[in-house]
Amino acid sequence: MPRGPRAPLIIGSGIAGLYVALRARELGLSPTIVTKSAIDEANTRYAQGGIAAAVGPGDSVDLHLRDTLRAGAGLVDRSAALRLTHEAPARIADLVRYGVPFDTVEGQIALGREAAHSRARILHAGGDATGLQIEETLKVRVLESDIEVRERAVLRRLTVERTGIAATLSRPDGSAVEVVRGRPVVLATGGAGSLYRESSNPAIATGEGVAIAFRAGARIADMEFLQFHPTTFCRPGAPRFLLTEALRGEGAVLRGDDGERFMPRYDRAAELAPRDVVTRAIQNELVRTGARCVYLDATALPAERLFARFPTVCRFLAGYDLDPSRDRIPVVPAAHYMIGGVATDLEGHTSLRGLLACGEVTSTGVHGANRLASNSLLEGLVFGEHVARDLARPRRGSPPAAGRLLALPVPAGEGHGADRSVTREVRDILWDRVGIVREGSTLERAVRRLNALALRCEPPDPGDLPGPVANHVELARLIATSALARTESRGAHFRSDYPRSQARWRLHLGIERAPLP
Ligand code: SIN
């Protein structure tokens, strides 16, 4: 393995990790990508809708900025959103240069509409296979290059040392532990949707990167804002397959069991209201009617258009004998995107020197309390670019101070109970008690139970490596503790006991590991 400051270790191989590696190589560095599964098994691969950028006629970066600020419910960091939206067209040009085959109409890039966007500005590829096309294209570029790739290498620990960050890696079965020193580390490990029982994410999206950074002392922020996607497939025994928001952008509507189109009762923008609004409306309808699901109705769309624009969705539904041009599709909300994460500044600096981060694993404040659709792939590129530049010409920086900071102790535990049943329980706790609608006493119970699980799963000796299950518990504690602390409702975080937003909570909630006694 190469060594030294010009040989960054990039952890994760979704859009953020692959893009940083490619750009770092172009800037003369010798990166290594470390990824816990195969290089192309990342959440990015499953992104359907697309990637937002103001590149169409009648659009502007300022309109994209305005929509991002509005969706974020008063908590978007304006400078981060300015960077995201204004640099989007240049990053799209990079993807085109790498060969991403964006869909076109009459020679022009085709642009779709999604909720809370005032213009059609969603680029897509392969119809609804945008993430897959991006992941595959970037993977091929990486494999053609001399970038070192280490698959099935799992990040186990980050340690702050005098000379920088040491990264402990192992094989997935815990064998072959090695410590890598003397190289900048970039966390691009993605989100944690799969820690919820009902999730649109692939099984690998369990957010260990955040838990590991937290253990090392990095500041974490905004963990209460876990975004739920309104429309995932609902059939007993079937996965919560995503039914992209672009379907509603094309005109699909939501109906209850009785056939009523209910969204106009909730918001003027109806099905194109921000994601948190649509999610809560569906949840409310489910509670109100006792129904198991609501229905996505795309039957008014021309069949040809549906099959051309949404081939992945149509293929999936065909496996359940459903045809969206004829059938209403049963849907429910599910956990989708981690808005919070490792706090960074706009260059990707975390609060630990030598540790950079970008993509879903981070909290830059760019999404505020509710991410605008299709701003997530974009985030990986825009902030990834600044991480690559920083690796090439390092500068000092750190995330802005949190408006309020919690200190969470990590207990010394018994370390013997960390089996898969604990991860199953964590997923149930998060979905049942830290879900779409939250409430103080239920959150308290969740925190108490998670603390008990931490005692069971943490290794007794702080020198021992915590396993993945202990990291799942840790991450769930970060989410539940933050959700309990924020006594208001805002964006993706809704508290039935505090149903309104409050001016005193217009701040980011940070959380750090309490020092050992
Ligand atoms: C979708 O296609 O609906 C998901 C897009 C996103 O999460 O931004």
Side-chain angles (χ1 to χ4, degrees), residues 14-16 42-53 64 67-68 71-72 76 81 84-85 88 92 102-103 110-117 120-135 190-194 196 199-202 205 225-233 240-254 271-279 282 296 298 306 309-314 316-317 324 329 331-339 341 359-360 366-368 370-382 491-492:
I15 189 170
N43 215 350
T44 296
R45 187 180 187 85
Y46 302 89
Q48 292 176 13
I51 181 162
H64 188 185
D67 293 343
T68 301
V76 174
L84 182 83
T85 51
I92 295 295
F102 286 115
D103 296 333
L111 295 169
R113 181 91 189 261
E114 283 182 8
H117 285 274
R121 66 164 71 96
I122 316 300
L123 292 89
H124 45 87
D128 55 2
T130 315
L132 177 68
Q133 295 290 343
I134 292 175
E135 184 74 19
S194 269
Y196 276 72
S199 166
S200 67
N201 291 189
F225 300 116
L226 196 296
Q227 185 173 60
F228 298 87
H229 196 288
T231 56
T232 64
F233 188 56
R240 288 276 176 264
F241 184 82
L242 187 74
L243 291 153
T244 174
E245 200 152 301
L247 279 156
R248 280 174 283 131
E250 291 281 337
V253 297
L254 287 163
E271 283 82 1
L272 294 184
R275 201 169 268 184
D276 60 323
V277 174
V278 182
T279 296
I282 294 176
L296 188 65
L306 266 174
R309 175 73 178 84
F310 303 105
T312 314
V313 166
C314 291
F316 173 84
L317 292 175
I329 312 303
V331 292
V332 283
H336 182 61
Y337 180 87
M338 185 174 74
I339 290 173
E360 188 172 350
V366 72
H367 305 306
N370 181 45
R371 174 174 67 79
L372 184 66
S374 288
N375 267 356
S376 57
L377 294 175
L378 181 60
E379 151 188 50
L381 297 176
V382 168

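Remember, it's 1-based here, ligands and their atoms both numbered in the order they're listed. Side chains included, hydrogens not; waters and symmetry mates left out as well; all remaining heavy atoms used. Residue indices begin at 1 and follow the sequence shown. Source: prediction; values computed, not measured.
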Side chains of Ile122 and Ile51 in contact at under 4.5 Å (non-hydrogen atoms): no
Protein contact to atom 7 (O) of ligand 1 [nearest heavy atom, distance to 0.1 Å]: His336 NE2, 2.7 Å
Test of ring centre spacing under 6.0 Å for Tyr337 and Phe228: no
Closest approach of any protein heavy atom to atom 2 (O) of ligand 1, naming residue and atom: Thr244 OG1, 2.6 Å
Atom 8 (O) of ligand 1: nearest protein contact (heavy atom, Å): Ser374 N, 2.6 Å
Sub-4.0 Å heavy-atom approach of Arg371 to ligand 1: yes
Contact with ligand 1 for Ala373, non-hydrogen, under 4.0 angstrom: yes
For Ala52 against His117, the heavy-atom pair lying closest together: CB-CE1, 3.9 Å
Nitrogen or oxygen of Leu242 less than 3.5 angstrom from that of ligand 1: no
Option whose closest heavy atom lies nearest to atom 5 (C) of ligand 1, chosen from Glu245, Gln48, Arg275, His229: Arg275
Shortest non-hydrogen separation from Glu114 to Gly50 and the atoms involved: OE2-N, 4.1 Å
Straight-line distance of Leu84 CG to Leu378 CG, nearest 0.5 Å: 4.0 Å
